[in-house]
Amino acid sequence: MLKQSLSLLAFAAMVIWSGSAFARTVSITGAEQVTLVEIGEQAPEFKLFGVDLQYHSLSMYQDKEAIVVIFHCNHCPISKRNVDRIVALGNEYQEKNVQFLIINPNPVDKVAADGFEEMKARAEEKDFPFPYLYDETQTVAFDYGARRTDHVFILGEADEEGVRQVEFIGPVDNRGDDPIYIAAVLDTLLAGETIEDPEISAFGCTVKYRTQEERIERFGYDVFEDRPE
Amino acid sequence: MKYQRYTMDAFSFSVSAPAARIPRRFLFRGVSLCFLGIGLLFTGCSREEEVMEAEAPAPDSETVPEITEEMPDAAVADIELRPVDEEGYQEALSEHKGEIIVVDFWATWCPPCVESFPKLVEFDAEYRDKGVAVIGASVDFPGTEAEVKEFIEKHNAEFQNLFVEAENMNSFISSVSSDWGGGVPAVFVYDRDGELAAQYIGSAAIDQAKNKVDALLN
């Protein structure tokens, strides 16, 4: 509760100081409106198929102290640059009761190199110690408001109802240099402290969202609007 | 290789006047310059050095460098890639007040940016006489300026080029626009008063910006 209030206070202070918060809603080629989740907001649940041929959802990892969701893909040079670091961080922090979930937001019809078979090959090649999930409908990317690869969302501890909050949104590191934001934020969370800068922007490849027309063509309806119960 | 011939011819020309009238120091200077030249001149240098010391042929039309239309190599040295931080970016914008400004944030590591770069070059050629200033702003990794310049030169870009050097990306990105998550390609259109009129993010950005500029011009 205290941590939540402090996070909200920090965010409010940042809003006031900066004059305007990061715009939560932007338009990216394809997706007319992409709205970023708020810090402190409930992390959107999902159920995605992984290269291990299993489904994965947040609720499967109730006991983890933190979950690191990274929108990451095969083709983007930023992702390629980060992948070894992400694997190293995964290996290090999954020993500390943290779970990494890597989500590819680019479907094969938008980026051939980001298809499922290619994802499998990448995961094997790099010996991924975590699930690599295929966001085929892009609804998860949309729900989080992912705008680029790599885009990191760190979720805090689950409460009694299994609800987790978004505690950090940003890049893996500072353009290949320190600070390594994922490590810094996880250390802070695991120590029960407040994150100083919960939101950090960075340059990256845009997420290749389908247009509404493309979604309807592929699925028969707009998957962003009509959600299964 | 064209560059090498051109340069070497210039050096040969400068030392090929009768030896008696040229002070030794010029010969030595020519040789030193040769060694100071870029790596690609190196092999040529040693050959030429031998020739210069052994004989000093009279100047003739063959040693005078021919000025042809294809002299691209001077252009590489001419590519100005201005490093900018937050302040520098705003300064660059203010230099074009009175014009409509189109800034394209791109990177050599960004495939759609690379694909659409020729479009930006075309856009510039078409609109530069209509009071529109096109600016390319690379967000390539620090230390890759040479590759970026090479890319720009290869595409014959004649517009202004910036190189984002922000210690604090967060601050830079939000100073450009609070509506930008840092994804590229990203194109920002400013009106004649320097106010941000529109922003387009993603692969269709340049096309969308063009429509906006047309609207602003009418």
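In what follows, chains are A, B, ... by sequence order, proteins preceding strands, each numbered from 1.
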Look up atom CG in B:N168 and atom CD1 in A:I200, then write down how far apart they are to the nearest 0.5 Å.
7.5 Å
Taking the side chain as everything from C-beta on, heavy atoms only, tell me whether A:F203 gets closer than 4.5 Å to B:W180.
yes
Minimum side-chain heavy-atom gap B:E167-A:D177 below 4.5 Å
no
May I ask you to check whether over 12 heavy atoms, not counting those of A:E213, lie within 6.0 Å of atom CD?
no
Counting only heavy atoms not in A:E41, do more than 12 fall under 6.0 Å of its CD?
yes
Listed by residue number, which members of residues 102-122 of chain B have a heavy atom under 4.5 Å from any heavy atom of chain A?
B:W109, B:P111, B:P112
Does any heavy atom of chain A fall under 4.5 Å from the side chain of B:D140, the backbone, both, or neither of them?
backbone
Segment of A:H151 engaging chain B (4.5 angstrom heavy-atom cut-off):
neither
d(A:E199 CD, B:S174 OG) to nearest 0.5 Å is 10.5 Å
Per-residue contact mode, B:Y200 against chain A (heavy atom under 4.5 angstrom)
neither
Should the heavy atoms of other residues, nucleotides or ligands under 6.0 Å from CD of A:E214 be counted, would the total exceed 12?
yes
Heavy-atom cut-off 4.5 Å, strictly under: side chain, backbone, both or neither for A:K80 against chain B?
neither
Take atom NZ of B:K97 as the centre, draw a 6.0 Å sphere, and report whether it contains more than 12 heavy atoms from other residues, nucleotides or ligands.
no
Going by disulfide bond (SG atoms under 2.5 Å apart), name the pairs with one or both residues in residues 129-218 of chain B, residues two or more places apart or in two chains.
none
Can any side-chain N or O of A:R148 pair as donor or acceptor with the backbone N or O of B:G181 at less than 3.5 Å?
yes
